[in-house]
> 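Following this message is one structure expressed as structure tokens.
No hydrogens, no waters, no symmetry mates; every other heavy atom, side chains included, goes into these values. Protein chains get the first letters and strands the later ones, always in sequence-line order, with residue 1 at the start of each.
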Amino acid sequence: MPDDLILETRDVVKEFRGFVAVAGVSLKVKRGSIHGLIGPNGAGKTTMFNLLTRFLPATRGSILHRGEDVTRLPAAQVARRGVVRSFQISAVFPSLTALENVRIALQRPLGTSFRFWAPARSLSVLDDRARALLGDVDLAALADVPAGELPYGRKRALELATTLALEPEVLLLDEPTAGMGHEDVGRVAELIKRVAKGRTVLMVEHNLSVVADLCDTITVLARGAVLAEGSYAQVSSDPAVREAYIGSAA
Amino acid sequence: MTGRARRVWSGQAIFVAWATVVAVGIVAPFVVYPVFAMNVLVMALFASAFNLLLGYSGLLSFGHAAFLGSAAYVTGWAAKSWHLPVLVSMGAGVAVATVLGLLFGVLALRRSGIYFAMITLGLAQVVYFLVVQMPWTGGEDGLQGIPRGTFLGIDLGNSFAMYYFTYAVFLAAFWLIQRTIHSPFGQVLRAIRENEPRAISLGYDVQRYKLLAFVISASLAGLAGSLKAVALQFATLGDVAWQRSGEVVLMTLLGGMGTVLGPSVGALLVVTMENYLSSLGSWVTVITGTVFVVMVMAFRRGLVGEIKALFARRS
Ligand SMILES: Nc1ncnc2c1ncn2[C@@H]1O[C@H](COP(=O)(O)OP(=O)(O)OP(=O)(O)O)[C@@H](O)[C@H]1O
Ligand SMILES: [Mg+2]
């Protein structure tokens with residue numbers, strides 16, 4: 001049943017000046033699932049994210065959201081359709097406070113973002129919601145700290161809060177636990193599980209215990225192609241997958 | 001520093017900035033020649049408009065003279081040949097600068113970084129060429145003897161009256177720039193400057209925000225040009241020349257880009273040097289050049305930027 005699929009690629013190819021980073025990937029992400037995208041370094045996972053969110057144009061192939069072709073839409077428009085990504089390297093607005101970071105996401109639907117004559121306090125109607133979102137990721141106490149001064153794990157949490165402020169239908173998370181201490185990893189994994197309710201999550205993740213714990217379906221990429229797909233038990237027992245992982249020492 | 005202290009501090013900083021600007025502006029014509037003071041104000045407005053783009057949107061335009069100069073010529077012509085009231089003449093100048101700003105913005109924003117800067121420079125050169133070619137601009141002489149007219153029955157021919165008129169316009173524009181920086185729109189601009197991909201991923205059409213910032217900046221640069229034509233009573237090729245575009249970069253960096261007062265301080269420095277050193281002839285450029293190099297090496301953040309950093313460390 002096709003409308004069961006919220007996000008789909010058909011034979012999508014991405015070449016960088018002759019170098020093939022993604023070599024004809026057909027990915028099917030089911031609505032409501034937590035879908036893992038794993039694979040050794042340089043497999044093309046981030047490139048897949050860039051293609052899905054239109055941050056990079058596909059060389060060939062097509063991308064569908066809710067069955068509609070979005071292969072040529074501008075990136076911002078894909079985001080407004082509810083397909084929102086995070087970044088492998090934490091993406092915050094460093095000089096803005098944590099609260100202001102979340103407010104940037106909240107203010108767009110307000111429709112006043114072009115009002116250069118409106119006073120700063122016109123945004124304070126969003127403060128309560130922003131604080132609630134920060135509370136969800138245990139950042140309430142740090143609301144007035146500039147994002148650039150937050151420790152790494154807290155930045156990632158802030159990024160998640162900002163993304164969630166858009167109430168996205170599909171969340172694309174690129175290594176949400178990378179570079180985190182053990183405690184933060186557990187906390188973020190719990191958070192993802194919680195926010196995934198009623199949403200679809202596609203996540204790139206190197207921490208396999210997080211993947212095993214969270215993901216319903218896993219796609220393994222290697223050298224730009226799909227190597228295996230299925231549940232964690234299925235892909236982890238696949239000999240080709242084992243070889244790819246041992247081969248890259250991941 | 002806690003968030004509350006930070007807010008109080010930034011509130012104090014804004015108050016201090018305003019109090020300084022207002023106090024200095026009121027006494028200025030009693031301390032220096034009004035014409036000199038007006039020249040400083042006009043350039044301060046020009047640099048503040050430029051800073052809205054460079055400091056708060058991260059876009060380096062190298063063609064801002066086109067907006068200043070075209071507005072100066074149009075205002076001068078409207079006042080001199082059509083005898084239009086001063087506000088109408090100035091409005092015409094600003095309108096032309098705004099339209100030019102839209103045109104420049106649409107074309108230049110197709111590229112970024114150095115290519116963006118070069119497109120603005122190229123387009124400004126086209127405007128320069130047009131000004132040289134068109135018969136009504138007076139060629140090498142420019143427009144001279146532009147009448148100041150009256151405002152609310154007050155004769156602006158009087159230097160003090162003209163000064164306070166200029167000052168009022170400056171304050172209004174300065175206020176609008178502050179308001180813009182802190183508006184919902186200004187927040188988005190900051191977000192785009194700090195992390196453009198992230199702003200896109202949050203659904204912002206960043207090009208449209210940059211275009212609006214460019215147009216506002218061009219309009220205000222035009223307002224500076226219109227004001228200059230009326231206050232100093234002439235418009236010359238120097239106002240549309242590329243050197244003027246370079247000078248505004250210099251003023252902004254000297255004072256501190258991305259600071260509220262920096263561009264005005266930079267304008268004061270540059271205009272003062274040009275004015276008091278003018279007897280030295282072409283050595284002025286050597287001296288301003290040297291001062292610029294030394295200042296940028298010593299104070300990377302500009303004068304106001306360094307002072308701000310100093311206070312931020314101490315508190
Ligand atoms: N903009 C680009 N220009 C040229 N080559 C690129 C570009 N982006 C990615 N690549 C190349 O494409 C390949 C896939 O990169 P990608 O970032 O998608 O890998 P990844 O699976 O996300 O790896 P990692 O686990 O290290 O994040 C790599 O060989 C990379 O060098
Ligand atoms: Mg990656």
Side-chain angles (χ1 to χ4, degrees), chain A residues 49-50 53-55 74-87 89-101 103-123 126 141-149 159 162-163 165-166 168 172, chain B residues 1-11 14 49 52-53 55-58 172-173 175-217 219-220 258-259 308 312:
Chain A
F49 267 31
N50 283 328
T53 52
R54 294 286 299 122
F55 270 67
Q77 201 174 329
V78 171
R80 292 198 295 274
R81 287 175 67 105
V83 181
V84 182
R85 67 173 299 179
S86 71
F87 292 81
I89 297 159
S90 94
V92 295
F93 305 115
S95 86
L96 272 60
T97 65
L99 185 84
E100 288 169 332
N101 265 268
R103 248 180 17 190
I104 290 287
L106 291 173
Q107 85 172 69
R108 187 177 47 74
L110 211 58
T112 63
S113 292
F114 282 108
R115 293 195 188 158
F116 59 88
W117 60 89
R121 64 173 180 283
S122 67
L123 291 174
L126 302 171
L142 300 172
D144 295 322
V145 176
E149 292 173 18
E159 194 185 345
T162 308
T163 305
L166 297 178
L172 284 80
Chain B
M1 193 162 33
T2 69
R4 187 164 301 279
R6 203 184 296 276
R7 261 199 309 278
V8 171
W9 158 243
S10 98
I14 290 167
L52 182 62
L53 202 59
Y56 294 94
S57 321
W175 175 83
L176 181 65
I177 292 171
Q178 293 323 301
R179 182 95 166 185
T180 303
I181 289 165
H182 295 105
S183 68
F185 172 68
Q187 282 294 101
V188 178
L189 278 187
R190 262 175 85 185
I192 293 171
R193 191 195 48 175
E194 295 197 357
N195 195 333
E196 184 166 337
R198 182 53 171 160
I200 295 171
S201 80
L202 295 177
Y204 286 104
D205 290 316
V206 297
Q207 291 304 90
R208 291 172 62 192
Y209 290 85
K210 289 182 186 174
L211 182 60
L212 180 56
F214 195 93
V215 172
I216 295 172
S217 177
S219 294
L220 291 170
T259 63
K308 256 180 73 180

> At a 4.5 Å cut-off on heavy atoms, which part of A:L123 comes close to chain B: side chain, backbone, both, or neither?
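The side chain, not the backbone.
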> With chain B as the partner, which of A:R81, A:R121, A:E100, A:R54 has the greatest number of non-hydrogen pairs under 4.5 Å?
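Of A:R81, A:R121, A:E100, A:R54, A:E100 has the most heavy-atom pairs under 4.5 Å with chain B.
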> Who among A:A165, A:A75, A:S95 has the most heavy-atom pairs with chain B under 4.5 Å?
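It is A:S95.
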> Can you measure from CD (B:Q187) to CG (A:N101) and round to the nearest 0.5 angstrom?
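Answer for the CD-CG pair, B:Q187 versus A:N101, is 9.5 Å.
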> If you count heavy-atom pairs within less than 4.5 Å of chain B, which of A:P74, A:A76, A:A79 leads?
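It is A:A76.
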> For a quick test of your reading: what N or O donor-acceptor pairs under 3.5 Å do the side chains of residues 103-111 of chain A make, sequence neighbours left out?
{"from": "A:R103", "atom 1": "NH1", "to": "A:D127", "atom 2": "OD1", "distance (Å)": "2.9"}
{"from": "A:Q107", "atom 1": "NE2", "to": "A:S113", "atom 2": "OG", "distance (Å)": "3.1"}
{"from": "A:Q107", "atom 1": "NE2", "to": "B:P184", "atom 2": "O", "distance (Å)": "3.0"}
{"from": "A:R108", "atom 1": "NE", "to": "B:L202", "atom 2": "O", "distance (Å)": "2.8"}
{"from": "A:R108", "atom 1": "NH2", "to": "B:L202", "atom 2": "O", "distance (Å)": "3.2"}

> Run the side-chain hydrogen bond (donor to acceptor under 3.5 Å, both in side chains) check on A:R115 and B:S183 step by step: do they pass?
CA-CA 7 Å; A:R115 293 195 188 158; B:S183 68; over 6 Å; no
> Under a 4.5 Å cut-off applied to non-hydrogen side-chain atoms, are B:Y209 and A:F114 in contact?
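A side-chain contact under 4.5 Å exists here.
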> About how many Å separate CD1 of B:I216 and CZ of A:F116, when rounded to the nearest 0.5 Å?
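With rounding to 0.5 Å, CZ (A:F116) is 4.0 Å from CD1 (B:I216).
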> Where is the tightest heavy-atom contact between A:F93 and B:R198, given as atom of each residue plus distance?
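Here A:F93 and B:R198 meet closest at CZ-CG, 3.6 Å.
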> Can you measure from CG (A:L166) to OG (B:S201) and round to the nearest 0.5 angstrom?
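The distance works out to 8.0 Å.
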> Under 4.5 Å from any heavy atom of chain B, what part of A:V83 do you find: side chain, backbone, both or neither?
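Neither the backbone nor the side chain of A:V83 comes within 4.5 Å of chain B.
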> Give, as side chain, backbone, both or neither, the part of B:I200 having an atom under 4.5 angstrom from any heavy atom of chain A.
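Both backbone and side chain.
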> Looking at A:A120, A:P94, A:A118, which one has more heavy-atom pairs under 4.5 Å with chain B than the rest?
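Heavy-atom pair counts peak at A:A118.
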